[in-house]
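What's counted below: heavy atoms across the whole structure, side chains too, no hydrogens, waters or symmetry copies. As the structure is a prediction and not an experimental result, all values here were calculated from the model. Labels below follow one simple rule: chain letters A, B, ... track the order of the sequence lines, proteins then strands, and each chain is numbered from 1.
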Number of protein chains: 2
Amino acid sequence: MKLSTKSRYGVRAMFDMAYHAGTLPAQIKDISRRQNISPRYLEQIFQDLKKAGLLKSRRGPQGGYSLAKPADEITVREIVLAAEGELQLVDCVKNRRKKGEKEPACDFDNQCLTQHLWAKASQILGDYFDSITLKDLCDQGKEMGLEKELDHRFMYFI
Amino acid sequence: MKLSTKSRYGVRAMFDMAYHAGTLPAQIKDISRRQNISPRYLEQIFQDLKKAGLLKSRRGPQGGYSLAKPADEITVREIVLAAEGELQLVDCVKNRRKKGEKEPACDFDNQCLTQHLWAKASQILGDYFDSITLKDLCDQGKEMGLEKELDHRFMYFI
DNA sequence: ATTAATCTCTACTTTGTCTGTCAAGAATAA
DNA sequence: TTATTCTTGACAGACAAAGTAGAGATTAAT
């Protein structure tokens, strides 16, 4: 019943981007250093987030990733969903007969009381995650007096 | 972010016991047959539930397991907690320095915004599970017209 | 007392997922 | 042209989940 590191790192990384957002795209190496996440691994996570339409990227020098939408339009739910693949606490709730699977995930199918229980729980969890945006986290960060690191690349331009 | 089968089987099995409750203790083999759970595996799960004080057992012929409390005093949360071990969506919320562990689970410790986020989510989930008792599930079952299997052991006494 | 039914405990195996690492390639700004 | 950065896919080690198995302890019934 644990969230995977992909979800946790994903939220941390995207928060980091929103918090330190500048004019230039953010680079993996900076985010990974600030958040102490393996850069190679973060790349993978960002691929997922990009596929989900939460990030956009630019290659080449001065390239990097940036948020695909304003911070107040990106919810924790979207990030977790993209990283985790889905937001169900249990598999038997899922659609049957998706490609390749011949057996339903559960023998009792719709006769099952507990199925409804888990589905409701998953929904409650999703609703909570949906109520929190990256902007909310940034506001919290400011309140806490969390330091923003100066973008070292600005140094060259001053 | 999936619940383990221990939780799911545990809830199903305990619901089954509450729903089919008779004067005699329920036996593993009956529950496992009705709920289609490996009897050996169910034994293990029942050990956990017994340690948690949710079940009591009697050995020998006509032995078996029975609920340690009335069905309306056993919540889903208790069962999941006993089967899952804990109810936290992430580890970094846990107490540090428990036996053997030298490192904190997270480098940012209490400086972390997301830590609070996950803790709150875990709590919301726990609250929901706490609001549902075995009796609630039984009532639902009756409403749905879920069949009760006649206890075959009664046959001998009629 | 004996027997058969049942729970108890511990260890083992299998299987799969998580968490990363690595290498080679493609795109792009300077 | 070149250095930088993202892109993609393969791969591996560690760990936990899920289930199997066997030997033993307890007890009701005979």
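- Toward the 5' end of DNA chain D, the nearer of the two residues A:Glu43 and B:Ser38, judged by each one's closest nucleotide, is A:Glu43.
- Rounded to whole Å, atom C1' of D:dA25 lies 13 Å from atom CD of B:Gln47.
- At least one side-chain nitrogen or oxygen of A:Tyr65 sits closer than 4.0 Å to the OP1 or OP2 atom of D:dT7.
- Per the geometry, NZ belonging to A:Lys2 stands 12 Å off P belonging to C:dT19, to the nearest Å.
- In this structure, A:Lys135 pairs ionically with A:Asp139, as a charged nitrogen and a carboxylate oxygen lie closer than 4.0 Å.
- A:Lys6 has its NZ atom 9 Å from the C1' atom of C:dC18, to the nearest Å.
- Side-chain N/O atoms of B:Thr5 include one lying less than 4.0 angstrom from OP1 or OP2 on D:dA18.
- Nucleic acid contact for B:Phe46: none, since no nucleic acid atom lies under 4.0 Å from a heavy atom of the residue.
- Taking the nucleotide of DNA chain C with the nearest heavy atom to each of A:Pro61 and B:Gly64, the more 5' of the two is matched to B:Gly64.
- At a cut-off of 3.5 angstrom, counting only N and O atoms as typed in the model, there is a donor on one side and an acceptor on the other between the side-chain of A:Arg40 and the base of C:dA23.
- Backbone-only engagement by B:Lys50 is indicated by non-hydrogen atom pairs under 4.0 Å involving sugar-phosphate atoms exclusively.
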Inset, instruction - Let me have DNA chain C in dot-bracket notation, would you? Count Watson-Crick plus G-U wobble pairs, both distances under 3.5 Å, and use [ ] for pairs crossing earlier ones and | for inter-strand partners. - result: ||||||||||||||||||||||||||||||

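- Side-chain nitrogen and oxygen atoms of A:Tyr9 include at least one within less than 4.0 Å of the OP1 or OP2 phosphate oxygen of C:dG20.
- Among pairs with a residue in residues 70-82 of chain B, those fulfilling side chain to side chain donor-acceptor pair (under 3.5 Å) read B:Lys69-B:Glu78, B:Thr75-B:Asp130, at least two apart in sequence or across chains.
- In this model, the phosphate group of C:dT8 is approached by a side-chain N or O of B:Ser57 to a distance below 4.0 Å at OP1 or OP2.
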